[in-house]
Engineer: 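Pasting a structure below so you can have a look.
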Protein chains: 2
Amino acid sequence: MQDISKPLRSKSYSVPCELCSIGSICIPMALNNTLESVLNRKRSFAKNEILVTEGDEFQRFYIIHSGALKTYVIINGTEQINGFYLPGDIIGLDSITTHKYNNTIKALTTTLACELKYDELMALVTKSTQVRDTIFNLMSQNILNYQKMILAYSQKNAEEKLAAFICWLYTQYAKRGHTSLSIKLSMCRADIANYLGLTIETVSRILTRTQELGILSVRGKYICIKDLSALFQLAAEKI
Amino acid sequence: MQDISKPLRSKSYSVPCELCSIGSICIPMALNNTLESVLNRKRSFAKNEILVTEGDEFQRFYIIHSGALKTYVIINGTEQINGFYLPGDIIGLDSITTHKYNNTIKALTTTLACELKYDELMALVTKSTQVRDTIFNLMSQNILNYQKMILAYSQKNAEEKLAAFICWLYTQYAKRGHTSLSIKLSMCRADIANYLGLTIETVSRILTRTQELGILSVRGKYICIKDLSALFQLAAEKI
DNA sequence: CGTGCTGTTGAACACATTCAACCAGGGTGG
DNA sequence: CCACCCTGGTTGAATGTGTTCAACAGCACG
């Protein structure tokens, strides 16, 4: 595994296995040599490649090693983005209950992802309390995150939503060890607007306004956070 | 258990144990006589009684038998409602990861709730694959629900949000066997507005407007759905 | 009968959208 | 090589949705 991940870590945002969302179970599994059966080798996906389509039979989770994915559904013929996923994130927890994928998953950039078979993970949950606790912890964290997001996105106005979004990006990378204040957006303005329930014009306007306030520096897909605490304050969150 | 639940079912919205969110594991446990150790007796809470406060140590889930609860956090001195919980719902899944309650839980009306100890549930997860699968299914369903809610509440305008909220109420009751089109709101307008990120004035105006359209009939806390499919259409959801 | 609480209604205002024009960069073809 | 177009992004003016502030109605309670 290291032979694949090592050269990539310098290239772009990626997570070493220890910082992955399932890291704490993956590493022990590697030591026990049961890894190969449960966590398949990393697979590479090209930009705009579709990993799975809404309605496909659910078999495996995807855990992002590097790159970025988005998930969306088609409502009334238009794409509605459900979420963005960054290195260390796991996709598919919502599919346990439906036995099929509820969203289409698409690569925003070239992406490396680990595949984790559901059945085999479940078998491990029963065998190892460590795996059990890790998975429950992961799902609980997911639920907590969604709660916070609902709170955020139902209460906040456009400016606060966008600030919260950039805070979220920063926090996601920071959680996995990338504390840089310079962020390269892997999604276009239209995707951000779609996800936040805004228009691209509003997103654009707010980005320039926030830049004028000296909080951000925006150039195309590159965003530099000039005043992190002001950004978090704008998002109405505590750091 | 039945001695408690039976007389209540006629009185108001309540769920028989078979329709509870954990029903499928609860019933077998009752048969195995392990029930008493895991699922404590129902506890009654008065209107406005606080079950737990944000930050309290997490020990048990609450599963609503009858009545209604709300969860909220205090942000900048003001209450921010996180969610409403109805008969059959389980509260506390977000606390597994934090080991403490992330919200304050308060009874909206007189409420009967079952208490389910976390530690003892986990022990059962390892012992019984049926319990394991039920709990994973429950958590996955939770995650899926939140995904849909985020989509809903970030994309929809005020009218659609409120329609979606009433649809959600209807669906929640319907899932547990109460398909009546007459719904008694257990929360006040201020709570609805707070939760949906609107003002009470807007909620009020939209309710009367929707009534004028012949979709709803509103009188105080009593709502009667006159045209279910129109309501779902307004909420931009499929039935 | 007044007081307080919950909910409704009205008018002025603010924020976000819509529609439109415009700009910058990348690729293609003459 | 430059004109051309196409895509992604920014900016401006008019419109509309939802908020704010205020008054008021209905109802329970002392």
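All chains are named by letter (A, B, ...) in the order of the sequence lines, taking the proteins before the strands, and each is independently numbered beginning at 1.
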Engineer: Any donor-acceptor pair under 3.5 Å linking the side chain of B:Thr53 with the backbone of B:Asp56?
Structural biologist: no
Engineer: Taking CE from A:Met187 and P from D:dG9, how many angstroms apart are they, rounded to a whole number?
Structural biologist: 12 Å
Engineer: Contact boundaries of DNA chain C with chain A (under 4.0 Å, heavy atoms), 5' to 3'?
Structural biologist: C:dA16 to C:dA20
Engineer: Using a 4.0 Å cut-off on heavy atoms, which residues in residues 211-223 of chain B reach DNA chain C? List them by number, or say none.
Structural biologist: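 Output list: B:Lys221.
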Engineer: Whether B:Lys106 and B:Glu49 form a salt bridge (side-chain N of Lys/Arg under 4.0 Å from carboxylate O of Asp/Glu) is what I want to check.
Structural biologist: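 Result for this pair is no, no salt bridge flagged.
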Engineer: Who passes side chain to side chain contact (heavy atoms under 4.5 Å, CB included) against B:Ala107, sequence neighbours left out?
Structural biologist: B:Phe45, B:Leu51, B:Leu69, B:Thr111
Engineer: Is a donor from one side chain sitting under 3.5 angstrom from an acceptor on the other, for B:Ser229 and B:Asp227?
Structural biologist: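 Yes, B:Asp227 and B:Ser229 have a side-chain donor paired with an acceptor closer than 3.5 Å.
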Engineer: Check the distance between D:dG18's P and B:Lys156's NZ and give it to me in whole angstrom.
Structural biologist: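 In whole Å, D:dG18 P lies 13 Å from B:Lys156 NZ.
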Engineer: Can a donor-acceptor pair be found, under 3.5 Å and without considering hydrogens, that links the side chain of A:Ser44 to the backbone of A:Leu112?
Structural biologist: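 No; judged by distance alone, with no hydrogens or angles, the pair does not exist.
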Engineer: Is there any protein nitrogen or oxygen under 3.5 Å from a nitrogen or oxygen in nucleotides 21-29 of chain D, and what are the pairs?
Structural biologist:
| unit_1 | atom_1 | unit_2 | atom_2 | d |
| --- | --- | --- | --- | --- |
| D:dC21 | N4 | B:Glu201 | OE2 | 3.1 |

Engineer: For B:Glu201, what residues pass the salt bridge (charged side-chain N to carboxylate O under 4.0 Å, His left out) criterion, not counting sequence neighbours?
Structural biologist: none
Engineer: Residues two or more places apart in sequence or in another chain: which of them pass ring-ring contact (aromatic ring centres under 6.0 Å, His included) with B:Phe84?
Structural biologist: B:Phe165, B:Tyr195
Engineer: Under the side chain to side chain contact (heavy atoms under 4.5 Å, CB included) test, which residues partner B:Gln59, sequence neighbours left out?
Structural biologist: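 Here the qualifying residues are B:Glu57.
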Engineer: Mind checking what makes side chain to side chain donor-acceptor pair (under 3.5 Å) contact with A:Asn102, not counting sequence neighbours?
Structural biologist: A:Asp94, A:Thr98
Engineer: Please list residues of residues 188-200 of chain A whose heavy atoms come under 4.0 Å from any atom in DNA chain C, ordered by number; otherwise none.
Structural biologist: A:Gly197, A:Leu198, A:Thr199
Engineer: Does D:dT11 have its OP1 or OP2 closer than 4.0 Å to a side-chain nitrogen or oxygen of A:Thr208?
Structural biologist: yes
Engineer: Residues in side chain to side chain donor-acceptor pair (under 3.5 Å) with B:Glu79, at least two apart?
Structural biologist: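 Testing B:Glu79 for side chain to side chain donor-acceptor pair (under 3.5 Å), a comparison that skips the adjacent residues, returns B:Lys70.
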Engineer: Among residues at least two apart in sequence or on other chains, which ones pass side chain to side chain donor-acceptor pair (under 3.5 Å) with B:Asn157?
Structural biologist: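 Here no residue qualifies.
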Engineer: Less than 6.0 angstrom from the centroid, inside 45 degrees of the normal: does A:Lys100 satisfy that with respect to the ring of A:Phe58?
Structural biologist: no
Engineer: Using the side chain to side chain donor-acceptor pair (under 3.5 Å) criterion, which residues pair with B:Asn103? Sequence neighbours excluded.
Structural biologist: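 With sequence neighbours excluded, B:Asn103 shows a side chain to side chain donor-acceptor pair (under 3.5 Å) to A:Gln147, B:Asn82, given in chain and number order.
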